[in-house]
Every structure is written in C-alpha cells, then in structure tokens.
Amino acid sequence: MKIASFNINGIKARIEALTSWLAGADVDVVVLQEIKSVDEGFPRDHFSDLGWNVETHGQKGFNGVAILSRLPLEDVSRGLPGDDSDEQARYIEATVMGDQAVRLAGLYLPNGNPVPGPKYDYKLAWMERLRKRAAELLDLEMPVVMLGDYNVIPEARDAAKPEKWVDDALFLPQSRAALRAIQWQGWTDAIRIREPWAQRGPFTFWDYQAGAWNRDDGIRIDHLLLSPQAADLMVETGVDRDARAGDKPSDHVPVWVRLAA
DNA sequence: ATGGTTGACTTTCAA
C-alpha cells in the first residue's frame with residue numbers, strides 16, 4: 001500500500017497538476033491539505049470518475065483536508081478532538097482496507113505566524129490536542145500513519161537557510177519541542193530515517209517568492225509519522241521533488257511511504 | 001531591512 005500526503009494549495013487551482021501527478025505516482029491513497037474549498041465545491045465527480053473514493057473536510061476559502069483512495073475507506077472521522085469550538089477544517093481520519101487495515105490521520109497543522117499572538121497560541125494548543133490524539137492512536141496497536149503538513153521544521157538541517165527561520169513559528173523551540181513530544185511517544189519519521197545521516201534536506205516546500213525553488217531555498221515541513229506496527233511494514237519512502245518543477249505547481253511536493261500492507 | 005508570489009475572494013488575508 002503506497003500512502004502519500006500532498007498540500008495542494010487550492011483544489012481549483014491545482015486540479016490539473018494533481019490529476020497529472022496521480023496518473024504517474026502509483027499511490028493507493030493520498031491525503032490532501034489546503035483544499036481551500038467547501039465540501040460541495042470539491043470536484044468529487046472528477047476524481048470518482050477516475051476511480052478514487054473521495055472524503056472531504058472543507059471550509060470556505062482556507063484550510064480544508066481530504067482523502068483520495070483507490071482502496072475502500074471505513075470509519076471516517078472529521079476534526080481533531082479536544083475543542084468543540086474549533087471550526088477550522090484541518091484534520092481527517094479513516095481506515096484504509098488493504099491486505100491489512102491501516103489507520104490514517106491526515107492533518108494540516110496551523111502555521112502559527114505571526115509570533116507572538118493568537119495564531120501562535122492556537123498552533124501550540126492544536127499541537128497539544130494532536131499529542132493526545134496521537135497517544136490514543138498508538139493505543140490501537142495497529143498500523144497507523146499520521147501524515148500531512150505539520151508546519152514544523154524539526155531540525156536546522158531541515159532548512160536550506162535555518163538562520164532565516166529562527167523567529168518563525170515553524171522553527172521556534174516551542175514548536176519543535178511540541179513535535180518532538182509527539183514523536184517520542186514512539187512514532188517513526190519515515191522521510192528522515194530514509195537517510196538518517198543527511199546533512200541537509202530533503203525539502204518538501206519552497207516559497208513562491210524570491211526564486212526559492214530555483215535557489216533550492218526549501219524546508220522540510222511535510223511529515224509521515226508511523227506507529228511501530230506501521231514502521232515494521234515500511235518498505236520504501238520518498239519525496240516527489242519533481243512536482244515542484246511542473247506547470248502551475250503547489251508550493252509543497254508530495255511525500256510518501258510504501259507499506260507491505 | 002525589504003521584498004518577492006500565489007490562491008481565494010473581494011479588497012485583503014493567509015501562507
């Protein structure tokens with residue numbers, strides 16, 4: 001089972017680039033972030049006609065997550081538990097029915113800028129809710145993949161120019177500590193362990209501004225965290241960097257893992 | 001220090 005995450009930065013603007021990537025990526029299931037669409041505005045028929053099961057959790061204008069799957073999805077749940085007053089659409093879970101059942105949590109973690117301020121407070125509160133949900137997912141003792149746009153640069157080597165990010169919500173010590181607190185529950189960072197000795201990168205996001213892509217001025221903020229039962233099934237992982245060079249690209253590229261499931 | 005770009009949606013915010 002090949003599982004991917006892709007922040008598409010607007011489904012309406014990205015329908016062609018996403019469709020083209022899906023045609024060549026050989027993925028069984030992909031979680032999407034920043035669909036920037038309400039559920040009714042998502043081009044569901046376009047993807048279901050191509051053989052995808054479609055589950056969305058959208059909102060008007062911003063945020064929004066979705067799952068496209070060639071395999072059946074069961075027990076879909078929308079929204080991150082822990083705050084009934086939170087109306088931002090950033091989290092969706094489902095169980096993918098492959099040779100083995102795999103629980104997926106697709107997430108779009110708050111950006112948190114500017115710092116300080118209510119947006120950063122919201123980011124840290126959201127991460128604490130995610131930590132609690134992640135512990136529950138580990139208690140399932142089944143293959144779980146928690147993946148998406150985490151909006152956190154884990155380490156200095158995950159940025160081309162870490163000095164640019166020292167005051168940014170994506171790289172502040174509190175943000176990185178909150179991510180580590182989740183990882184240390186027992187999650188495996190699939191992209192990092194592919195080349196644990198890497199001095200720099202791989203990157204998953206390049207800003208549209210200031211020629212960041214052409215200068216390879218990127219950061220790694222899209223992550224796949226695997227429960228121990230999922231990590232035991234991992235056979236391959238990667239970053240589809242070429243997607244950033246296509247026509248009308250998103251500012252993020254897909255990240256993926258293949259499980260023997 | 002500033003600026004640079006894109007998307008959704010109206011004119012400005014979010015990233």
Side-chain angles (χ1 to χ4, degrees), chain A residues 5-21 31-44 46-47 56-66 80 86-91 106-127 130 147-154 158-172 174-176 178-179 203-223 239-255:
Chain A
S5 170
F6 194 178
N7 180 324
I8 55 171
N9 190 18
I11 185 59
K12 295 177 188 70
R14 214 66 60 213
I15 187 159
E16 288 182 16
L18 174 59
T19 303
S20 148
W21 173 76
V31 300
L32 306 174
Q33 301 89 41
E34 284 203 270
I35 63 172
K36 296 187 174 181
S37 163
V38 294
D39 295 333
E40 301 73 37
F42 193 91
R44 164 180 298 274
H46 170 81
F47 291 104
T56 62
H57 179 40
Q59 71 178 90
K60 184 182 166 111
F62 307 99
N63 305 325
V65 290
L80 179 64
D86 184 1
E87 306 205 331
Q88 299 195 30
R90 297 178 172 276
Y91 189 85
L107 63 99
Y108 176 47
L109 205 146
N111 176 295
N113 285 302
V115 181
K119 291 190 174 179
Y120 194 57
D121 296 341
Y122 174 68
K123 177 176 194 153
L124 293 179
W126 204 95
M127 293 185 82
L130 182 63
L147 72 170
D149 178 358
Y150 280 73
N151 267 316
V152 177
I153 302 166
D158 294 309
K161 300 177 180 175
E163 66 276 10
K164 284 198 345 185
W165 299 93
V166 290
D167 295 322
D168 194 284
L170 277 59
F171 193 53
L172 282 174
Q174 299 95 310
S175 307
R176 296 157 58 194
L179 179 59
F203 305 134
T204 67
F205 168 92
W206 297 259
D207 201 293
Y208 287 123
Q209 302 183 68
W213 167 248
N214 290 325
R215 299 187 305 172
D216 197 21
D217 183 6
I219 53 177
R220 188 172 76 97
I221 55 176
D222 299 272
H223 308 301
V239 179
D240 284 355
R241 184 184 163 96
D242 289 351
R244 188 64 177 79
D247 287 338
K248 263 192 112 214
S250 171
D251 41 6
H252 295 250
V253 296
V255 296

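Each chain gets a letter, A, B and so on, in the order the sequences are listed, and its residues count up from 1.
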Chemist: Whole angstrom is fine here: how far is it from NZ in A/K60 over to P in B/dA8?
Modeler: 13 Å
Chemist: Using the P atom on both, measure B/dG3 against B/dG7 and round to a whole Å.
Modeler: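 Here B/dG3 and B/dG7 have their P atoms 22 Å from each other.
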Chemist: Do A/H46 and A/T19 come close enough that some side-chain heavy atom pair is under 4.5 Å?
Modeler: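 Heavy-atom side-chain distance check passes, below 4.5 Å.
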Chemist: Can you tell me how far P of B/dA8 sits from NZ of A/K12, to the nearest Å?
Modeler: 6 Å
Chemist: Just the atom pairs and distances: protein N or O near nucleotides 13-15 of chain B's N or O, under 3.5 Å.
Modeler:
unit_1	atom_1	unit_2	atom_2	d
B/dA14	OP2	A/K119	NZ	3.0
B/dA14	O5'	A/K119	NZ	3.1

Chemist: If the C1' atom of B/dC9 is compared with that of B/dC13, how far apart are they to the nearest Å?
Modeler: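 That atom pair is separated by 10 Å.
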Chemist: Between P on B/dG7 and CD1 on A/I15, what's the gap in Å once rounded to a whole number?
Modeler: 14 Å
Chemist: How do A/A210 and A/R14 order along DNA chain B: which one's closest nucleotide is nearer the 5' end?
Modeler: A/A210
Chemist: Calculate the interatomic distance between A/D247 atom CG and B/dG7 atom P; express it in whole Å.
Modeler: 12 Å
Chemist: Take the protein atom NZ of A/K164 and the nucleotide atom P of B/dA1, then report the distance between them rounded to whole Å.
Modeler: 16 Å
Chemist: Whole Å only: how far is the CG atom of A/D217 from the P atom of B/dG4?
Modeler: 16 Å
Chemist: Between B/dA8 atom P and A/Q33 atom CD, what is the distance in whole Å?
Modeler: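 From A/Q33 CD to B/dA8 P: 16 Å.
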Chemist: Just to verify, what does A/R176 make a side-chain hydrogen bond (donor to acceptor under 3.5 Å, both in side chains) with, not counting sequence neighbours?
Modeler: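 Scan of A/R176 (side-chain hydrogen bond (donor to acceptor under 3.5 Å, both in side chains), adjacent residues dropped) gives none.
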Chemist: Can you check whether A/D149 reaches A/I221 side chain to side chain, under 4.5 Å on heavy atoms?
Modeler: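 Yes, close enough: below the 4.5 Å cut-off.
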Chemist: Could you pull out all residues at least two apart from A/F171 that satisfy ring-ring contact (aromatic ring centres under 6.0 Å, His included)?
Modeler: none
Chemist: In whole Å, what separates the C1' atom of B/dA15 from that of B/dG4?
Modeler: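 Here B/dA15 and B/dG4 have their C1' atoms 13 Å from each other.
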Chemist: Please measure how far the P atom in B/dT6 lies from the corresponding atom in B/dT11, and state the result in whole Å.
Modeler: 23 Å
Chemist: Write down the distance separating the P atoms in B/dT5 and B/dA1, rounded off to the nearest Å.
Modeler: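 These two P atoms come out 22 Å apart once rounded.
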Chemist: Can you spot which of A/F6, A/F205, A/Y108 makes a ring-ring contact (aromatic ring centres under 6.0 Å, His included) with A/H252?
Modeler: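 Among A/F6, A/F205, A/Y108, the one meeting ring-ring contact (aromatic ring centres under 6.0 Å, His included) with A/H252 is A/F205.
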Chemist: Quick check: do A/I219 and A/L170 have side-chain heavy atoms less than 4.5 Å from each other?
Modeler: yes
Chemist: When you compare the side chain of A/R215 with that of A/K161, does any pair of heavy atoms fall below 4.5 Å?
Modeler: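 They are in side-chain contact.
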